[in-house]
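Take a look at the structure below.
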Protein chains: 2
Amino acid sequence: MDAKAIKKSLESGGLRCTPQRYAVMAFLMEHDIHPTAAEIFEAVNRADPRCSRATAYNNLRDLVQAGLVREVAVEGRAARFDAKVMRHHHFVCDICGRVEDMDWYDVPHPSAESLGKRILRQSELIFRGLCAKCAQWYASRSAS
Amino acid sequence: MDAKAIKKSLESGGLRCTPQRYAVMAFLMEHDIHPTAAEIFEAVNRADPRCSRATAYNNLRDLVQAGLVREVAVEGRAARFDAKVMRHHHFVCDICGRVEDMDWYDVPHPSAESLGKRILRQSELIFRGLCAKCAQWYASRSAS
DNA sequence: TGGAAGTTTTAGATTAAATCTAATCTGACA
DNA sequence: TGTCAGATTAGATTTAATCTAAAACTTCCA
């Protein structure tokens, strides 16, 4: 991954490029596995033990606020994160909680005014079901 | 609220109608405020202190599993719940976390097969922005 | 009616996720 | 070099939710 690109993207969000912040952003850009905050902290801390838990969480919060990283809340599980490279929808597996990317397409939505609300962002979709792996496991399980 | 209707709806989900379970379901059907689990427990426990925290949470879980209650995960906040009377979308306020109902409409989505996934449910939408109250507060704040 | 088997509930302990605290460090720039 | 806002830290704390093991109910059949 291009270090300059990461630095630039941090600065475009008004964030200074510190080693810890860089590590969090780089991890997210290099892995499209939608890790939880705990997984990000563990990976970053393993690579460089100077990064503490609070710092990993603080930086994650800052990156989300700056719009560089997207947070996906999943019912009954820890939140998951991904670098917001291109706009896309998500798929969440009911069994293993795995989050996968899905292609972006526009969804029609009511206008803000008609609802009495001031700001209204296009919602990203979260589809739900069983991922290929869990669907297979589930099928073999029901068969026996 | 019709007690018989609540009892029937519990039984339609394969759940026995115990006083505690009834209280949780009744609270959700009588209040469309999308309470958190903690708020539900407090309300139910206040009305009848025989219902413990674990019971409120257990029953909530059972109701969600039975498809009678919907859980809405919100980033950085406790999950919220509502009785699944009619299908609808949701709006979440970025500032106060308030959840509001929005009318249902179909959203086009890719078919399961094209994605290699076995089961794929229609996603309910979550719109995000500022609710009327917070939008007003925010505007008056920026003005000063 | 008795009582075995299953279900539900309970108080309190525990876990998990994330944030807070207050002290310390860093580095840009005067 | 000195200053100071911003960043980081370890560890404590908070919050949300679940677990545990015992007790209390229901059901239902003899």
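Protein chains get the first letters and strands the later ones, always in sequence-line order, with residue 1 at the start of each.
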Distance in angstrom units between [X] [atom1] and [N] [atom2], rounded:
X	N	atom1	atom2	result
B:R53	C:dT8	CZ	C1'	18 Å
B:F41	D:dT15	CZ	P	16 Å
B:E75	C:dT19	CD	P	13 Å
A:Q65	C:dA18	CD	P	16 Å
A:R61	D:dA7	CZ	P	11 Å
B:R80	D:dA17	CZ	P	11 Å
A:L10	D:dG6	CG	C1'	15 Å
B:N59	C:dT7	CG	C1'	12 Å

Between B:T55 and B:S52, is a side chain to side chain donor-acceptor pair (under 3.5 Å) present by the stated rule, with each step listed?
CA-CA 5 Å; B:T55 300; B:S52 78; 3.1 Å; yes
Would you say A:D82 and A:H31 are linked by a side-chain donor-acceptor pair, where the criterion is simply a distance under 3.5 Å?
no
Closer than 3.5 angstrom, by distance alone: can the side chain of [X] be matched with the main-chain N or O of [Y] as a donor-acceptor pair?
X	Y	answer
B:E30	B:F27	no
B:H34	B:V99	yes
A:E11	A:K8	no

The residue, B:L15 or B:A54, whose nearest nucleotide of DNA chain C is more 5′ is B:L15
Within the structure, does a side-chain N or O atom of [X] lie under 4.0 Å from either OP1 or OP2 of [N]?
X	N	result
B:Y57	D:dT18	no
A:N58	C:dC20	no
B:R21	C:dT8	yes

So, do A:R70 and A:H90 sit near enough that their side-chain heavy atoms are less than 4.5 Å apart?
yes
Are there any protein N/O atoms within less than 3.5 Å of an N/O atom in nucleotides 24-30 of chain C, and if so, which ones and at what distance?
none

Walk me through it: do A:R53 and A:E42 pass the test salt bridge (Lys or Arg N to Asp or Glu O under 4.0 Å)?
CA-CA 8 Å; A:R53 173 183 310 280; A:E42 276 155 34; over 6 Å; no
Here the pair of heavy atoms bringing A:F127 nearest to A:H89 is CE1-CB, 4.4 Å
Using a cut-off of 4.0 Å on non-hydrogen atoms, how would the nucleic acid contact of A:T18 be classed: base, sugar-phosphate, or nothing?
sugar-phosphate
Consecutive-pair stems (3 or more, Watson-Crick or G-U, under 3.5 Å) for DNA chain C
C:1-30 with D:1-30
Reported CG-to-CZ distance for the pair A:L10 and A:R16, which is rounded to 0.5 angstrom
12.0 Å
If you check every side-chain atom of A:Q20, which of D:dT8, C:dA11, C:dT9 has the closest atom?
D:dT8
